[in-house]
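The block underneath contains the structure these notes are about, expressed in structure tokens.
Whatever order the structure lists them in is the order used to number ligands and atoms, beginning at 1.
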Amino acid sequence: PATDLIKDDYAGYPLNMFCVPKHYEADLTDIMIPAGLINDRIERIARDIVQDIIPQENRGIVVLCVLKGGYKFFADLLDKIKQLNRNSEESIPISIDFIRLQSYKNDKSQGSIQVIGGDRLENLKGKCVLVVEDIIDTGGTMIKLKELLAKHEPKCVKVASLLVKRSARNCGYKPDFTGFEIPDEFVVGYALDYNEHFRDLSHICVINENGKKKYAV
Ligand SMILES: O=P(O)(O)OC[C@H]1O[C@H](OP(=O)(O)OP(=O)(O)O)[C@H](O)[C@@H]1O
Ligand SMILES: Oc1ncnc2c1N=NC2
Ligand SMILES: [Mg+2]
Ligand SMILES: [Mg+2]
């Protein structure tokens, strides 16, 4: 499937073209991906996933949400897959699971990934698992998660990430399904955070230096 490539010289949209909460207006450079465009892209990813999984897996899949950042993409992607499931000749039964992985402080990965709670992954044994993530940056989180999942002997693991960042820090890991490939900038919104701020922002935006200072820990 295609990956919507957002080039390095992409200017983004001015904040006054869309609705942004007042409390964040001074902290953002521009809107990189408006919520409407995210929604449209997810509709196509849902179709790509269903068409890829249906032929091989009619016993159903487990959709695993990587908290916290993956929760919006997980919810919206599931809605689109459910829409397909109720309007096609074939459908895939879906069960859901959650796992919380944490590694970022300010705009840097701490290198060590912490597993903070989440379901016991025993019931993934023998199942086809679709991991849903918000972004692949260094790839550290995904590498750690795949190690964790392998211990529970799933039948197969596919990964859908809304964003993949083009960065020198990237270990080269590529998910099976990608929403947008983006430039090497720290983005927030649509559940992506900076020290737990900006998860309440609908659009994917670029945080500015003012925002990085204001919310630095
Ligand atoms: O490819 P990487 O360099 O590992 O970065 C990507 C991961 O980092 C962020 O999670 P974070 O640690 O911020 O926790 P959160 O999901 O709760 O925001 C993001 O949600 C991804 O899970
Ligand atoms: O750009 C980003 N925005 C939010 N969170 C993360 C990012 N990259 N890795 C984790
Ligand atoms: Mg995360
Ligand atoms: Mg985060």
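Evaluated by nearest non-hydrogen atom to atom 1 (O) of ligand 2, the leading choice among K165, R169, R199 is K165.
The Mg ion (ligand 4) has no N, O or S atom of E196 inside 2.8 Å of it.
When hydrogens are left out, the protein atom nearest atom 3 (N) of ligand 2 is V187 O, 2.5 Å; that is the closest non-hydrogen contact. When only non-hydrogen protein atoms are considered, atom 8 (N) of ligand 2 lies nearest to D137 OD2, 2.8 Å.
The aromatic rings of F18 and Y13 lie perpendicular to each other, with more than 60° between the two planes, well past the 30° mark.
A heavy-atom distance below 4.5 Å is not found between the side chains of L163 and D134.
The N, O or S atom of D193 lying closest to the Mg ion (ligand 4) is OD1.
The backbone N or O of F180 lies less than 3.5 Å from no partner atom in the side chain of T178, so there is not a single donor-acceptor pair.
Minimum heavy-atom separation, C128 to G60: CB-O, 4.2 Å.
When heavy-atom distances to ligand 2 are checked against a 4.0 Å cut-off, F186 comes that close through both its backbone and its side chain. Counting heavy atoms under 4.0 Å from ligand 2, residue D193 touches it through the backbone alone.
One finds no salt bridge joining K68 and D193 here, because no Lys/Arg side-chain nitrogen approaches an Asp/Glu carboxylate oxygen to under 4.0 Å. In this structure, D76 pairs ionically with K72, as a charged nitrogen and a carboxylate oxygen lie closer than 4.0 Å.
Less than 4.0 angstrom separates some heavy atom of E185 from each of these atoms of ligand 2: 1 (O). Residue contact check: L192 has heavy atoms under 4.0 Å from atoms 3 (N), 4 (C) of ligand 2.
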Kindly indicate, with the supporting measurements, whether the criterion ring pair (Phe, Tyr, Trp, His ring centres under 6.0 Å) is fulfilled by F74 and F98.
-> CA-CA 10 Å; F74 170 83; F98 297 86; 5.3 Å; yes
